[in-house]
Amino acid sequence: MRKILLPTVIIVATVIIVARLFYLQILDDSYIKKSDNNAIKIKYDYPERGYIYDRNGKLLVANQPSYDIMVTPKEMKDIDTLEICSLLGVTKEYFIERLRKANVYSPRLPSVFLPQLNKREFAAFQEKIRRFKGFDIVKRSLRDYQVDVGANIFGYIQQVNDAIIKKNPYYKSGDLIGKQGVEEMYEEVLRGVKGVKYIQKDRFNREIGSFKEGIYDTIAVQGEDITLTIDSELQKYGEALMFEKRGGIVAIEPKTGEILALVTAPSYDPAILVGRERSKNYTQMYNDTIAMPLYDRGLLAEYPPGSPFKILTGLVGLQEEVIDVNTTFMCHHGFSYGRGAFMKCHGFGPHQLNNGIYNSCNTYFANVFKLTIDKYPKPQYGVDAWANHLKSFGLGDFLGYDLPPGRPGRVPTSKFYKRFYPNGGWRSSTIISNSIGQGEVAMTPIQLANMMATVANEGWFYTPHVIKKIKGHNSIDKKFTTKHYTTIDKQHFKPVIDGLYDVYNYGTASHLKVEGIEICGKTGTAENFTKINGVKTQLTDHSIFVAFAPRNDPKIAIAVFVENGYWGARWAGPIASLMIEKYIKGEVTQKAREERMMTKGLQYEYNKPISGQPFKINENYIP
């Protein structure tokens, strides 16, 4: 038995070893794709990113060639450091530092030595590259912007860092990736697929041709083109109207939820984040903590919504049946509440829903809010019922649009107030400022625009989005074609819409009419507070305007927010009316108003030292 056992063990072990070697060397080719395989050199062929078009088919973002110089430390031999530094226009210190980083990444793998050479720089280096063993050139594509607007929508591309490489093995040192905007959200669609070539090397580390005649090589696949919902002409016009102003403009097509314009101000030319100066330009803008050009105010800035919020106060009051269209409240230039507290109002006399809206009467809406909260046995129940109605409009949460940045705004609930009043003691009068869009409520410009789209649709909305079409795909994400319904019954919207229409006929926007277009809108002035040395201090008010048009077949809903713009009809109102006319008619008739918006701004306001004293001007002045 022993005589048989030992040979059997040897034979079985030999068969296993031979089978394993056969599998590894003949059947299994995975080892050839390992980056650290000394016998195989892997070269990547980088595809062009997909092109970006606007809703009308206009090309917005294309590509231009760029060249990266790569270095593989292990392959470097007899390098004239001074010559290569002189040829590339870099210092010896730069050479040493880049080589150090390359060694940290991998001595055997190529990493970026000098990125984004132009054609002239590439040609000069290519002539002498044979002198610099270990150095190679990789061709890539950089963005070529056909417009100088929409930087916040497009985003930008940058080199991947170590964290990204570790997280996603698709990316290698020197690869480019989309950041911010649609470049980030649709990265996998836009980037395409890298091609791969496997090069056989001999024992002297010399390239001797394709491995196995190229049977494992793959070709690069260009990224897919995308079409945005953005109207590039409207976007350009909006950015021009925000000359020397800070704030945001968001325009939405109510019937589809498609974002027509997404303006943040101040902004920048997207082309400055392309090429060798990209890092310097980005750092400069990042460090600008005053103007904050990289901060998308349309999506991120949470402001008190001011008087446009009265639209929601009225709708909730109707739904909760604490008022009807004929309910009347007397206004004596304000609303008294609490212990001698008084909310000022420019209105006077009896107000119902219609003239309460077009006169923007604080007293009327304070009464409606109070009745809404006090309808319930406890204020906690009342405020939660009120908050649930607001949340059905997409407020107090991310809307779910297809861009990376966002803020939820704030809809206060009983849980919110319990933090400030742990022992209770608060009631409707304590939080009465919410009735007119002050207090604790906060909204982003895109939420304001979506609110107006919802009112235009009489109670429903689609999730706002910027993607209209992806080449090769039959449809977009289902979440952008799913209707969201509010808790407000449809019949309550018509009287509110009538009031918004009369804002342009008899109310605070009567001087902003556009001939031939029936616009429904609402002016807003939001108080602006900050803390100076720990003291709550009032600064110059913000200017707000929301609208949709035409009245009976809405094609555009818009929200305009201008920081420190005094009152709604001063800056935000004219901008909204001009944007609406531009989109619907294709041209603007109010040339004088247009010129004022494009040549006058608020830089003098932003340059003032923060003293806590609002800048006083003639209250009767209307631009």
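Just so you know, these numbers use all the heavy atoms, side chains as well, and skip hydrogens, waters and symmetry mates. Nothing here was measured: the structure is a model prediction, and the numbers come from that model.
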Charged N-O contact under 4.0 Å between Glu75 and Arg108 = no
With no hydrogens and no angle check, is any side-chain donor or acceptor of Asn450 less than 3.5 Å from a backbone partner on Ile446?
-> no
Calculate, to the nearest 0.5 Å, the distance between atoms CD1 and CD1 belonging to Ile177 and Ile164 respectively.
-> 4.5 Å
Flag the pair Lys139 and Asp45 as a salt bridge only when some basic side-chain nitrogen lies within less than 4.0 angstrom of an acidic carboxylate oxygen.
-> no
With side-chain contact (heavy atoms from CB on, under 4.5 Å) as the test, would you mind laying out the steps for Ser267 and Glu239 before giving the verdict?
-> CA-CA 8 Å; Ser267 188; Glu239 293 195 20; 4.2 Å; yes
When rounded to the nearest 0.5 Å, the distance separating CG of Asp477 from CD1 of Ile467 is 10.5 Å
Under 6.0 Å between ring centres, would you say that holds for Tyr401 and His465?
-> no
Between Arg131 and Glu83, is there a side-chain N and carboxylate O pair less than 4.0 Å apart?
-> yes
Should the pair Asp78-Lys133 be classified as a salt bridge under the 4.0 Å nitrogen-to-oxygen rule?
-> no
Do you know the tightest heavy-atom contact between Ile52 and Leu59?
-> O-CD1, 3.7 Å
Which distance, rounded to the nearest 0.5 Å, do you find between the CG of Asp54 and the NZ of Lys236?
-> 12.5 Å
What is the minimum heavy-atom distance between Val221 and Pro47, and which atoms define it?
-> O-CB, 3.3 Å
For Tyr186, is the NZ or CZ atom of Arg191 found under 6.0 angstrom from the centre of its six-membered ring and inside 45 degrees of the ring axis?
-> no
Expected output: side-chain Thr229 to main-chain Ile259 donor-acceptor under 3.5 Å = yes
Donor-acceptor contact below 3.5 Å, side chain Gln447 vs main chain Asp397 | yes
Go through the steps to decide whether Lys255 and Asp553 satisfy the test side-chain contact (heavy atoms from CB on, under 4.5 Å), and finish with yes or no.
-> CA-CA 9 Å; Lys255 293 178 182 178; Asp553 184 21; 2.5 Å; yes
Using atom types as modelled and distance alone, determine if a side-chain donor or acceptor of Thr218 lies under 3.5 Å from a backbone N or O of Val196.
-> yes
Step through the shown structure and confirm whether more than 12 heavy atoms of other residues, nucleotides or ligands are within 6.0 Å of NZ on Lys92.
-> no
Distance from Leu399 atom CG to Leu403 atom CG, nearest 0.5 Å?
-> 11.5 Å
Short side-chain to backbone donor-acceptor contact, Gln235 and Leu262, under 3.5 Å = yes
Start with the C-alpha gap between Asp296 and Asn152, add the side-chain angles, then the distance that decides, and say whether side-chain hydrogen bond (donor to acceptor under 3.5 Å, both in side chains) holds.
-> CA-CA 6 Å; Asp296 193 331; Asn152 60 310; 3.1 Å; yes
When you measure from the centre of the six-membered ring of Tyr145, is the NZ or CZ of Arg143 under 6.0 Å away and within 45° of the axis?
-> no
Starting from the C-alpha separation in whole Å, work towards a yes-or-no answer on salt bridge (Lys or Arg N to Asp or Glu O under 4.0 Å) for Glu224 and Lys471.
-> CA-CA 6 Å; Glu224 296 172 78; Lys471 187 177 180 179; over 6 Å; no
Answer yes or no: is there an ion pair linking Arg49 with Glu183, defined by an N-O contact shorter than 4.0 Å?
-> yes
Determine the sole option in Phe135, Phe125, Tyr105 for which the ring pair (Phe, Tyr, Trp, His ring centres under 6.0 Å) test with Phe113 is passed.
-> Phe135
Indicate whether the side chain of Tyr237 and that of Glu594 have a donor and an acceptor atom separated by less than 3.5 Å.
-> yes
Tyr156-Tyr282 aromatic ring centre distance below 6.0 Å | yes
Matching residue for Phe561 among Trp571, Tyr303, Phe545 - test: ring pair (Phe, Tyr, Trp, His ring centres under 6.0 Å) | Tyr303
Report yes if the side chains of Gln603 and Arg246 come closer than 4.5 Å at any heavy-atom pair, otherwise no.
-> yes
Short question: side chain of Tyr295, backbone of Leu300 - any donor-acceptor pair under 3.5 Å?
-> yes
At their closest point, which heavy atom of Met452 faces which heavy atom of Ala557, and how far apart are they?
-> C-CB, 4.0 Å
Salt bridge check: are Arg55 and Glu258 linked by an N-O gap of less than 4.0 Å?
-> yes
Let me see the working for Lys479 and Asp402 under salt bridge (Lys or Arg N to Asp or Glu O under 4.0 Å), right down to the final yes or no.
-> CA-CA 10 Å; Lys479 74 176 182 177; Asp402 52 343; over 6 Å; no
Side-chain donor/acceptor of Asp175 to backbone N/O of Lys172, under 3.5 Å = yes
Nearest 0.5 Å, what's the CD-CG distance between Glu187 and Asn168?
-> 9.0 Å
Determine yes or no for a side-chain-to-main-chain donor-acceptor pair under 3.5 angstrom, with Asn457 supplying the side chain and Pro254 the backbone.
-> yes
side-chain contact (heavy atoms from CB on, under 4.5 Å) evaluation trace for Met579 with Ile249 = CA-CA 9 Å; Met579 289 281 285; Ile249 305 173; 3.9 Å; yes
Could you go step by step and tell me if Glu302 and Arg297 meet the salt bridge (Lys or Arg N to Asp or Glu O under 4.0 Å) rule?
-> CA-CA 8 Å; Glu302 295 171 302; Arg297 286 170 165 86; over 6 Å; no
Does OH in Tyr286 sit with more than 12 non-hydrogen atoms of other residues, nucleotides or ligands closer than 6.0 Å?
-> no
Distance-only, no hydrogens or angles: does the Ser86 side chain make a donor-acceptor pair with backbone N or O of Leu82 under 3.5 Å?
-> no
Closest approach of Pro445 and Ala301, non-hydrogen atoms and distance?
-> CD-O, 3.4 Å
Determine, for Glu563 against Lys245, whether the closest basic-nitrogen to carboxylate-oxygen distance falls under 4.0 angstrom.
-> no
Report yes if the side chains of Val112 and Met70 come closer than 4.5 Å at any heavy-atom pair, otherwise no.
-> yes
How many angstroms lie between OH in Tyr46 and OH in Tyr44, if you round to the nearest 0.5 Å?
-> 7.0 Å
Closest non-hydrogen atoms of Ala265 and Met242, given as atom of the first, atom of the second and distance, are CB-CB, 3.6 Å
Gly174 and Arg140 have their tightest heavy-atom pair at O-CZ, 3.0 Å
Does Lys194 make a cation-pi contact with Tyr170, if we ask for NZ or CZ under 6.0 Å from the ring centre and within 45° of the axis?
-> yes
For Gln284, does the CD atom have more than 12 heavy-atom neighbours from other residues, nucleotides or ligands under 6.0 Å away?
-> no
Do side-chain atoms of Asn56 reach the backbone of Lys58 as a donor and acceptor pair under 3.5 angstrom?
-> no
Do Ile230 and Phe154 pass the side-chain contact (heavy atoms from CB on, under 4.5 Å) test, and can you show the C-alpha distance, the side-chain angles, and the key distance before you say yes or no?
-> CA-CA 11 Å; Ile230 299 296; Phe154 304 141; over 6 Å; no
